[in-house]
Engineer: 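Handing you a structure now.
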Amino acid sequence: MKVLFVEDDHGIAMGLEYSLRQEGYQVRTCHTVAEAVQALAEDWFDLCLLDVTLPDGNGYEICKMAKRREDTAVIFLTACDDEGNVVMGLDMGADDYITKPFRIRELLSRMKSVLRRYRKTDGAEQVFRVRDITVHPLSAKVYKGEEELFLTAMEYRLLLTLVQAEGRVLSRNQLLEGLWDVGGDYVNDNTLTVYIKRLREKLGSGNGEADLIKTVRGLGYRLGE
């Protein structure tokens, strides 16, 4: 689970980030609204932990942006327990509101409770996210940020095969098996190279080290974080 943690007190931030990482969370810590907005523009998160009062604004601004992005849970962490602030945060779509000081076990429990509401279970769609790319298998839709990408059937199947591998390296033969008989078209090794090139261009992942689709020499391909 990826967590965006926004806290302007560096001491509190360091301690809580350590505790969250010990629990297995991937944490990106920011200290200002500007840093958090940049983080949201660059990556997707399962949960945002937001301080309300920040040097260049407040956590409500970050909450608005996070809620415009699909499936992002929000918990406010604040020393201010004024009812008006609580209501404002919840009206913006926040999932919980925890007043400082709090025990780490209480926070972890509340985080798990909130994340359970967002978890894809009981036959619901499992959404795949890598960097700013989101794949919705049930609707066969792909988004880069908030913009929908239009892929051919082969390009979509290739991307789905890679995201379902969850970062594992897939050989060219494994990718060809994933594309076999899509739309009744035959795919050979040379055609696969063309599809990988086109998909890289549509994903806008750049070249070389910046590519979302990584070439692992002598082995195959994988999706990079």
Side-chain angles (χ1 to χ4, degrees), residues 1-4 20-28 39-48 69-73 112 115-225:
M1 289 286 183
K2 288 186 177 181
V3 176
L4 175 63
L20 292 174
R21 290 187 182 279
Q22 289 294 104
E23 293 293 322
Y25 291 99
Q26 299 177 50
V27 185
R28 180 163 176 176
L40 286 170
E42 294 174 350
D43 204 351
W44 288 83
F45 299 91
D46 299 287
L47 173 69
C48 294
R69 302 174 73 85
E70 189 173 350
D71 288 338
T72 305
K112 290 176 182 177
L115 286 168
R116 275 197 295 269
R117 304 175 205 165
Y118 287 78
R119 193 163 295 158
K120 306 302 178 181
T121 56
D122 301 326
E125 180 183 20
Q126 180 181 7
V127 177
F128 296 95
R129 293 193 295 271
V130 182
R131 292 188 192 168
D132 60 344
I133 301 298
T134 313
V135 182
H136 298 255
L138 290 184
S139 59
K141 290 186 176 182
V142 179
Y143 294 87
K144 181 178 175 63
E146 298 180 4
E147 178 183 356
E148 184 176 357
L149 294 180
F150 296 96
L151 307 180
T152 66
M154 288 292 191
E155 291 165 350
Y156 170 75
R157 186 63 187 171
L158 174 59
L159 178 59
L160 185 62
T161 301
L162 286 165
V163 298
Q164 287 177 330
E166 298 181 334
R168 299 191 306 277
V169 177
L170 296 179
S171 68
R172 294 180 69 88
N173 283 337
Q174 288 174 311
L175 290 175
L176 286 169
E177 289 174 5
L179 296 176
W180 184 260
D181 201 30
V182 176
D185 296 322
Y186 175 71
V187 181
N188 60 28
D189 195 66
N190 290 332
T191 307
L192 175 62
T193 300
V194 174
Y195 281 124
I196 289 174
K197 181 177 183 294
R198 289 179 179 173
L199 184 57
R200 277 174 167 158
E201 291 172 351
K202 290 189 177 182
L203 295 177
S205 53
N207 297 301
E209 290 302 315
D211 275 343
L212 184 61
I213 301 176
K214 302 284 188 183
T215 300
V216 183
R217 293 189 180 280
L219 295 176
Y221 302 89
R222 67 173 177 82
L223 284 188
E225 286 290 343

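Keep in mind that what you see is a predicted model, and the values were worked out from it rather than measured.
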Engineer: With the side chain counted from C-beta on, respond yes when L175 and L162 share a heavy-atom pair under 4.5 Å apart, and no when they do not.
Structural biologist: yes
Engineer: Using a 4.5 Å cut-off on heavy atoms from C-beta on, say whether the side chain of L158 contacts that of L151.
Structural biologist: no
Engineer: Between K144 and D132, is there a side-chain N and carboxylate O pair less than 4.0 Å apart?
Structural biologist: yes
Engineer: Are any side-chain N or O atoms of R200 and backbone N or O atoms of I213, one a donor and one an acceptor, separated by less than 3.5 Å?
Structural biologist: yes
Engineer: At their closest point, which heavy atom of Q164 faces which heavy atom of R168, and how far apart are they?
Structural biologist: O-NH2, 4.3 Å
Engineer: Measure the spacing between CG of D46 and OG1 of T72 and express it to the nearest 0.5 Å.
Structural biologist: 8.0 Å
Engineer: Calculate, to the nearest 0.5 Å, the distance between atoms CZ and OG1 belonging to R172 and T193 respectively.
Structural biologist: 3.5 Å
Engineer: Can you tell me how far apart NZ (K214) and CZ (R222) are? Round to the nearest 0.5 Å.
Structural biologist: 6.5 Å
Engineer: Please assess L160 against R157 for the test side-chain contact (heavy atoms from CB on, under 4.5 Å), listing each intermediate value before the final yes or no.
Structural biologist: CA-CA 5 Å; L160 185 62; R157 186 63 187 171; 3.7 Å; yes
Engineer: On a heavy-atom basis, which atom in K112 and which in Y25 lie closest, and how many Å separate them?
Structural biologist: CG-OH, 3.9 Å
Engineer: Would you give the length of the straight line joining atom CD1 of I133 to atom CG of L149, rounded to the nearest 0.5 angstrom?
Structural biologist: 5.5 Å
Engineer: Between the main-chain N or O of V27 and the side-chain N or O of R21, is there a donor-acceptor pair closer than 3.5 Å?
Structural biologist: yes
Engineer: Taking it one step at a time, do E155 and K202 satisfy salt bridge (charged side-chain N to carboxylate O under 4.0 Å, His left out)?
Structural biologist: CA-CA 9 Å; E155 291 165 350; K202 290 189 177 182; 2.7 Å; yes
Engineer: Within the 4.5 Å heavy-atom criterion, are L223 and R131 side-chain neighbours or not?
Structural biologist: no
Engineer: Working to the nearest 0.5 Å, report the span between OG1 of T161 and OH of Y221.
Structural biologist: 14.0 Å
Engineer: Find the distance between CZ (R28) and CG (L40) and round it off to the nearest 0.5 Å.
Structural biologist: 8.5 Å
Engineer: Compare all side-chain heavy atoms of V135 with those of V130 and state whether any distance is below 4.5 angstrom.
Structural biologist: no
Engineer: When you check the gap from the basic side-chain N to the acidic O, do D43 and K2 get nearer than 4.0 Å?
Structural biologist: yes
